[in-house]
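Data first, discussion second: the structure below is written as structure tokens.
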Amino acid sequence: MREIILIKNGEIALKGQNRATFEDMLIRNIRRRLKPLGEVGIRKAQSTIYIEPKGQMDLDEAVERLQKVFGIAMLERAAVVEEKDMGSIKAAAEEYLREVLGPARTFKVEAKRADKDFPLKSPEISREMGGFLLSKFQPLRVDVHAPEVTVTVEIRDFGAYIHAKRIPGAGGMPAGSSGRGLLLLSGGIDSPVAGYMLAKRGVGIHAIHFAAPPYTSERARDKVVELAAKVAEYAGPVSMCVVQFTKIQEEIRDKCPEEFFTLIMRRFMMRIACRVARHNHCDALITGESVGQVASQTMMALQCTDAVCDLPVFRPVIGMDKSEIIELARKIDTFETSILPYEDCCTVFTPRHPKTRPHLDQVEAAEGKLDVQGLIDEVMEEGLEFFKVAAEE
Ligand code: ATP
Ligand code: MG
């Protein structure tokens, strides 16, 4: 039986005048994710988007991919019946719905008649189909208020659709519909989750990674690229920037008091990230920080890092426990990659006793011997590498 996929968008429906723009973005994202599986025709009608494979297509795989596309609240697979008479439609329903109705206890039928020439009206279609399915699937009962299964029959100009298998979508807003943000992506557990969370709100993701070779290895860098590819399954292609951070870290080690190493390093990361963000039209930074997780993430430490930023810093996991972050990391399949044991530049020169209640004037004084602007200019001129990371096909 020929099948198609129906898509219900969520919050887009509330967008009033801009709705068409959001829908077009969603459709572009859908096309991009399905392209490796084959050609599809896409139509929209009212609040539904219809996806019709043009040739053979693995629909299980298509659904799995679409479940990662933000802006989709719910998906349904539907059977297409080309002969538009009740006999054919009923026969197709019996076969197509066996798997769903067999184990169900209650159901109802909803009919939509777009083709006004069809001889039965919507309530008549519902009644006739309901009676037929009752006779075929026992001991099924009708429950119009809270049915386990809602069977929908849509009579369209060119045929009928039958569907009853609701599949949850990823929710959120279409990737790219809320502008761009720059994600500070380490190899850890938290930052990929932070990127996923903002991508869900429609923020296009650029990523910046600070590498400190030879203290950090090529493998550590590959791991970050792999994480970016996982985020890209949801966010769309990620523009990546890798920063040569070694010299700055060595300068900090040589010229600053040890208890401030991590904090000063983080301030450099934020300064460079703000500059890269502005050059690439990103309107915010995104980090995976969570209050109190480590010394550089106490509220006072965050004040000291924010003090050097001239863009908003979004920290979507700020109030989450590690266990909650891990749960999300497992869901988006970044966890196993994140826990691979490669070094991060943050762990290269860690102070034995970092200050947990740093004051801004102390940190500024601790930076006193560094040529902050000179070091940053140097990195901006010759320490950046840009490339694009797409989801694995
Ligand atoms: P994580 O490594 O999540 O993803 P963490 O608990 O290890 O988090 P830190 O190492 O203190 O935390 O870093 C806090 C945040 O700073 C990270 O979530 C990330 O956004 C950013 N960050 C840390 N190291 C780097 C790096 N090498 N490159 C880019 N961003 C980094
Ligand atoms: Mg980390």
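Throughout, numbering of the chain's residues begins at 1 and tracks the sequence. In listed order, ligands and their atoms are each counted from 1. Not measured: the values here are computed from a predicted model.
- When Met269, Gln297, Glu289 are checked for heavy-atom proximity to atom 9 (P) of ligand 1, Gln297 turns out nearest.
- Taking the centre and axis of the six-membered ring of Tyr96, the NZ or CZ atom of Lys165 falls inside the cone set by 45° and 6.0 Å.
- Phe22 does not carry Arg19 over the face of its six-membered ring by the limits of under 6.0 Å from the centre and within 45° of the normal.
- Remark: Thr48 engages Lys8 in a side-chain hydrogen bond (donor to acceptor under 3.5 Å, both in side chains) (not counting sequence neighbours).
- Annotation for Arg105: atom CZ does not count as buried by contact number, only 12 or fewer foreign heavy atoms lying within 6.0 Å.
- One hydrophobic cluster, built from ILVMFWY side chains closer than 4.5 Å, cannot hold both Leu183 and Ile189; they sit in different ones.
- Taking only nitrogen or oxygen atoms, main chain and side chain alike, Gly187 does not reach within less than 3.5 Å of ligand 1.
- Contacts between Ile189 and ligand 1 below 4.0 angstrom, taking non-hydrogen atoms only, involve the backbone exclusively.
- Remark: ligand 1 atoms within the under-4.0 Å shell around heavy atoms of Thr287 are 20 (O).
- Numbered from 1 in the order shown, with element, the atoms of ligand 1 that lie under 4.0 Å from a heavy atom of Ile208 read 29 (C).
- Residue Leu184 places at least one N or O, backbone or side chain, under 3.5 Å from an N or O of ligand 1.
- Contact check for Leu302 versus Arg315: side-chain heavy atoms found under the 4.5 Å cut-off.
- Residue Val294 has at least one heavy-atom neighbour below 4.0 Å for each of these atoms of ligand 1: 11 (O).
- Two rings, from Phe210 and Phe268, have their centers 6.0 Å or more apart.
- The atoms of ligand 1 that sit less than 4.0 Å from any heavy atom of Gln293 are 5 (P), 6 (O).
- For the residues Leu227, Ile325, Asp190, the heavy atom positioned nearest atom 3 (O) of ligand 1 is part of Asp190.
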